[in-house]
Amino acid sequence: MANGDTIEIKVERRSDAVVVRPVGDVDLNRSPALREQLKAVTDKKTKRMIVDLSEVPYMDSSGVATLVEAMQLARRGGYTLLLCGLQERVRSIFEIARLDTVFQVVTDVDAAMHA
């Protein structure tokens with residue numbers, strides 16, 4: 001990646017779910033791109049959105065805020081938001097903020113598909 005403000009985001013559709021996979025750190029510079037992608041995906045009719053964080057080694061408070069906003073959109077939109085693949089540093093941020101009790105967090109995409 002030449003530009004430090006961009007983030008690669010992979011989107012995969014699976015039956016009644018959409019999987020969003022950001023790649024790299026989710027920080028103040030990159031969280032707006034993730035926010036836009038999550039909003040774009042909510043326009044599609046889906047029963048569940050899975051955010052796979054297995055390729056995100058670091059997330060700051062702006063990234064967490066982006067996911068909280070996505071959860072609010074999911075509740076209003078009537079679909080389920082699941083997080084999976086949290087690396088240790090990211091998981092600890094969620095645990096410290098006690099957001100692991102707010103979000104539905106599973107091990108991987110397969111588990112999220114069957115949750």
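Here the structure is a predicted model, which is why all the values come from computation and not from measurement.
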* Would you say Met71 and Ile9 are hydrophobically clustered, going by side-chain heavy atoms of ILVMFWY under 4.5 Å? -> yes
* Contact check, side chains of Val102 and Leu99, non-hydrogen atoms, under 4.5 Å -> yes
* Structure fact -> Of all heavy-atom pairs linking Ile93 and Met59, the shortest is CD1-O, 2.8 Å
* Would you indicate whether the side-chain heavy atoms of Val26 and Thr66 approach each other to under 4.5 Å? => no
* **Within one Ile-Leu-Val-Met-Phe-Trp-Tyr cluster: Tyr79 and Met113, side-chain cutoff 4.5 Å** => no
* Backbone N or O of Thr46 within a donor-acceptor pair of the Arg13 side chain at under 3.5 Å? -> no
* Tell me, with the steps shown, if Glu55 and Glu8 meet side-chain contact (heavy atoms from CB on, under 4.5 Å). => CA-CA 10 Å; Glu55 296 184 69; Glu8 180 184 354; over 6 Å; no
* So if you build clusters from Ile, Leu, Val, Met, Phe, Trp, Tyr with side-chain heavy-atom gaps below 4.5 Å, do Leu83 and Leu34 land together? -> yes
* Asked: Which atom pair, heavy atoms only, marks the closest approach of Leu81 to Gln104?
  -> O-CB, 4.1 Å
* **Criterion side-chain contact (heavy atoms from CB on, under 4.5 Å) on Val105 and Arg91, from CA distance to verdict** => CA-CA 10 Å; Val105 180; Arg91 178 177 297 281; 4.1 Å; yes
* Asked: Are Phe94 and Leu28 connected, step by step, through hydrophobic side chains (Ile, Leu, Val, Met, Phe, Trp, Tyr) whose heavy atoms are closer than 4.5 Å?
  -> no
* Asked: Any side-chain heavy atom of Leu38 within less than 4.5 Å of one from Leu73?
  -> no
* To do: For the pair Arg30 and Asp60, find out whether any cationic side-chain nitrogen is under 4.0 Å from an anionic carboxylate oxygen.
  => no
* Asked: Which is it for Ile50 and Cys84 under the side-chain contact (heavy atoms from CB on, under 4.5 Å) test, yes or no, and what are the steps along the way?
  -> CA-CA 7 Å; Ile50 301 164; Cys84 69; 3.8 Å; yes
* To do: Over all heavy atoms of both residues, which pair between Arg35 and Ser62 is shortest? Give the atoms and the distance, please.
  => NH2-O, 4.3 Å
* For the residue pair Val56 and Gln87, establish whether any side-chain heavy-atom pair is separated by less than 4.5 Å. => no
* Are Glu12 and Arg14 ion-paired here, with the side-chain N under 4.0 Å from a carboxylate O? -> yes
* Step by step, would you call Ile7 with Asn29 a side-chain contact (heavy atoms from CB on, under 4.5 Å)? -> CA-CA 9 Å; Ile7 182 170; Asn29 292 327; over 6 Å; no
